[in-house]
There are 2 protein chains.
Amino acid sequence: MNILFKALNDRTRREILEMLKEGDLTAGDIADKFNISKPSISHHLDLLRQANLVTSSKQGQFIYYSINTTVIDEILTWLLQFNNHSKTK
Amino acid sequence: MNILFKALNDRTRREILEMLKEGDLTAGDIADKFNISKPSISHHLDLLRQANLVTSSKQGQFIYYSINTTVIDEILTWLLQFNNHSKTK
DNA sequence: TGTATATTTAGACAAATGTCTAAATACTTT
DNA sequence: AAAGTATTTAGACATTTGTCTAAATATACA
């Protein structure tokens, strides 16, 4: 839970997730979209992976990143505890 | 959005929200539940208020804090963009 | 008016965070 | 084998963050 909120607490990382929502991308593809150095993006990807929000798979010299939405349900569940009153109608 | 994730990116602040879910509390009541100084809790409450996750109202010498769940919907909406595929069944 | 209680503000400090450049690793191609 | 491409690792550095103590503010009570 901690590491999840930590991973989401950065605009760049949230944007990366939004990009990956549309489809898998290589680390280089992702880095190209930002005005940030590749090592920094690599670090962001590492944090997202630690939080299990993304997975990576090496294909040749490229590393493809994919979003993992199952973990997002954890946060959704945590957040839903706060609207459990009249939300069910 | 930024300030919202920032506010939630701390275990103490998340626990404060869980406490307030059960009902309003004074700053002192909240501080008593943690092994953290009152000024630190005051600072956490300030961040939660900046994010509009809580509201406060002074009653005599006490300040009562209440949770504001409307803002949480913002995060829920943002998160739901990631499960919009087969989730609708 | 003076003292006690509730809370915040101010300022300091160590730890965590986001960024960078330089170097290392791994794969591909010639 | 050497050179080029893709990505990460290592290390440095400034900023942000969570915490603390001491002091300030505001209300209540005697």
Side-chain angles (χ1 to χ4, degrees), chain A residues 1-20 22-68 71 75 78, chain B residues 1-20 22-68 71 75 78:
Chain A
M1 200 81 243
N2 233 338
I3 201 172
L4 260 177
F5 276 110
K6 175 178 167 179
L8 292 175
N9 185 30
D10 181 271
R11 173 155 278 146
T12 301
R13 289 194 291 271
R14 290 197 300 273
E15 286 183 21
I16 290 174
L17 290 179
E18 292 177 6
M19 289 168 53
L20 291 177
E22 309 300 335
D24 297 355
L25 292 171
T26 68
D29 288 339
I30 295 168
D32 288 345
K33 309 268 186 144
F34 295 95
N35 221 359
I36 296 175
S37 71
K38 282 182 210 291
S40 295
I41 293 294
S42 185
H43 176 237
H44 284 308
L45 289 169
D46 186 46
L47 281 179
L48 288 170
R49 195 169 32 203
Q50 281 177 43
N52 203 23
L53 280 163
V54 304
T55 57
S56 62
S57 82
K58 185 165 213 164
Q59 291 182 30
Q61 65 191 142
F62 299 91
I63 298 184
Y64 278 86
Y65 281 86
S66 316
I67 195 170
N68 174 25
V71 171
I75 313 179
W78 187 82
Chain B
M1 200 82 240
N2 232 338
I3 201 173
L4 259 177
F5 276 111
K6 174 178 169 180
L8 291 175
N9 186 31
D10 181 271
R11 173 155 279 147
T12 301
R13 290 195 289 271
R14 291 196 300 272
E15 286 183 22
I16 290 174
L17 290 178
E18 292 178 6
M19 288 168 54
L20 290 177
E22 309 299 336
D24 298 355
L25 292 171
T26 69
D29 287 340
I30 295 168
D32 289 345
K33 309 268 187 144
F34 296 94
N35 221 359
I36 297 176
S37 71
K38 280 181 211 290
S40 294
I41 294 294
S42 184
H43 176 237
H44 284 309
L45 289 170
D46 186 45
L47 282 178
L48 288 170
R49 195 169 31 202
Q50 281 178 44
N52 203 21
L53 280 162
V54 304
T55 57
S56 62
S57 82
K58 187 163 211 165
Q59 290 181 30
Q61 66 191 141
F62 299 92
I63 299 184
Y64 278 85
Y65 281 87
S66 315
I67 195 171
N68 173 27
V71 172
I75 312 178
W78 187 83

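Computed from heavy atoms alone, side chains included, the values below leave out hydrogens, waters and symmetry copies. Proteins get letters first, then strands, A, B, ... in listed order; numbering begins at 1 in each.
- Looking at every heavy atom in both residues, B:Ile75 comes nearest to B:Met1 through CA-CE, 3.8 Å.
- Taking atom CD1 of residue A:Ile36 and atom C1' of nucleotide D:dT7, one finds them 16 Å apart after rounding to whole Å.
- The phosphate of D:dG18 (OP1 or OP2) has no side-chain N or O of B:Arg11 nearer than 4.0 angstrom.
- Where A:Lys6 and B:Phe62 each meet DNA chain C at their nearest nucleotide, the meeting point lying more 5' is that of B:Phe62.
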Per-nucleotide protein contact string for nucleotides 21-28 of chain D (B base, S sugar-phosphate only, - none; heavy atom under 4.0 Å):
BB---SBS
For residues 39-53 of chain B, tabulate all N or O donor-acceptor pairs below 3.5 Å that involve a side-chain atom, not counting sequence neighbours.
from	atom 1	to	atom 2	distance (Å)
B:Ser40	OG	B:Ser37	OG	3.0
B:His44	ND1	B:Arg13	NH1	3.0
B:Asp46	OD1	B:Arg49	NH2	3.3
B:Asp46	OD2	B:Gln50	NE2	3.1
B:Arg49	NH1	B:Ser56	OG	3.1
B:Arg49	NH1	B:Tyr65	OH	3.3

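- Remark: B:Thr26 is in phosphate contact with C:dT7, judged by side-chain N or O atoms under 4.0 Å from OP1 or OP2.
- Atom CD1 in A:Ile63 sits about 11 Å away from atom C1' in C:dC27, given to the nearest Å.
- A:Leu47 comes within 4.0 angstrom of sugar-phosphate atoms only, judged by non-hydrogen atoms across all strands, and of no base.
- Rounded to whole Å, the distance from CG on B:Asp32 to P on C:dT7 is 9 Å.
- One finds no side-chain N or O of B:Tyr65 lying less than 4.0 angstrom from the OP1 or OP2 phosphate oxygen of C:dA6.
- Atom CG in A:Asp46 sits about 13 Å away from atom C1' in C:dG18, given to the nearest Å.
- Atom CG of B:Asn9 is separated from atom P of D:dT16 by 16 Å (rounded to the nearest Å).
- In this structure, NE2 of B:His44 is placed 15 Å from P of C:dT9, rounded to the nearest angstrom.
- Atom CG in B:Leu45 sits roughly 17 Å away from atom P in D:dT17 (whole-Å rounding).
- With rounding to the nearest 0.5 angstrom, the CG atom of A:Leu8 is 11.0 Å from the CD1 atom of A:Ile3.
- Listed candidates were C:dT8, D:dT7, C:dT7. Nearest to the side chain of A:Ala27 is D:dT7.
- Using a 4.5 Å cut-off on side-chain heavy atoms (C-beta onward), B:Phe34 and B:Ile16 make contact.
- Rounded to the nearest 0.5 angstrom, A:Leu4 CG and A:Asn9 CG are separated by 12.0 Å.
- Atom CD in A:Gln50 sits about 14 Å away from atom P in C:dA16, given to the nearest Å.
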Test A:Asn2 against B:Arg14 for side-chain contact (heavy atoms from CB on, under 4.5 Å), laying out the working first.
CA-CA 10 Å; A:Asn2 233 338; B:Arg14 291 196 300 272; 3.2 Å; yes
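- A:Ser66 and A:Leu20 get closest at one heavy-atom pair: C-CD1, 4.2 Å.
- OP1 or OP2 of C:dG18 has not a single side-chain nitrogen or oxygen of A:Thr12 nearer than 4.0 Å.
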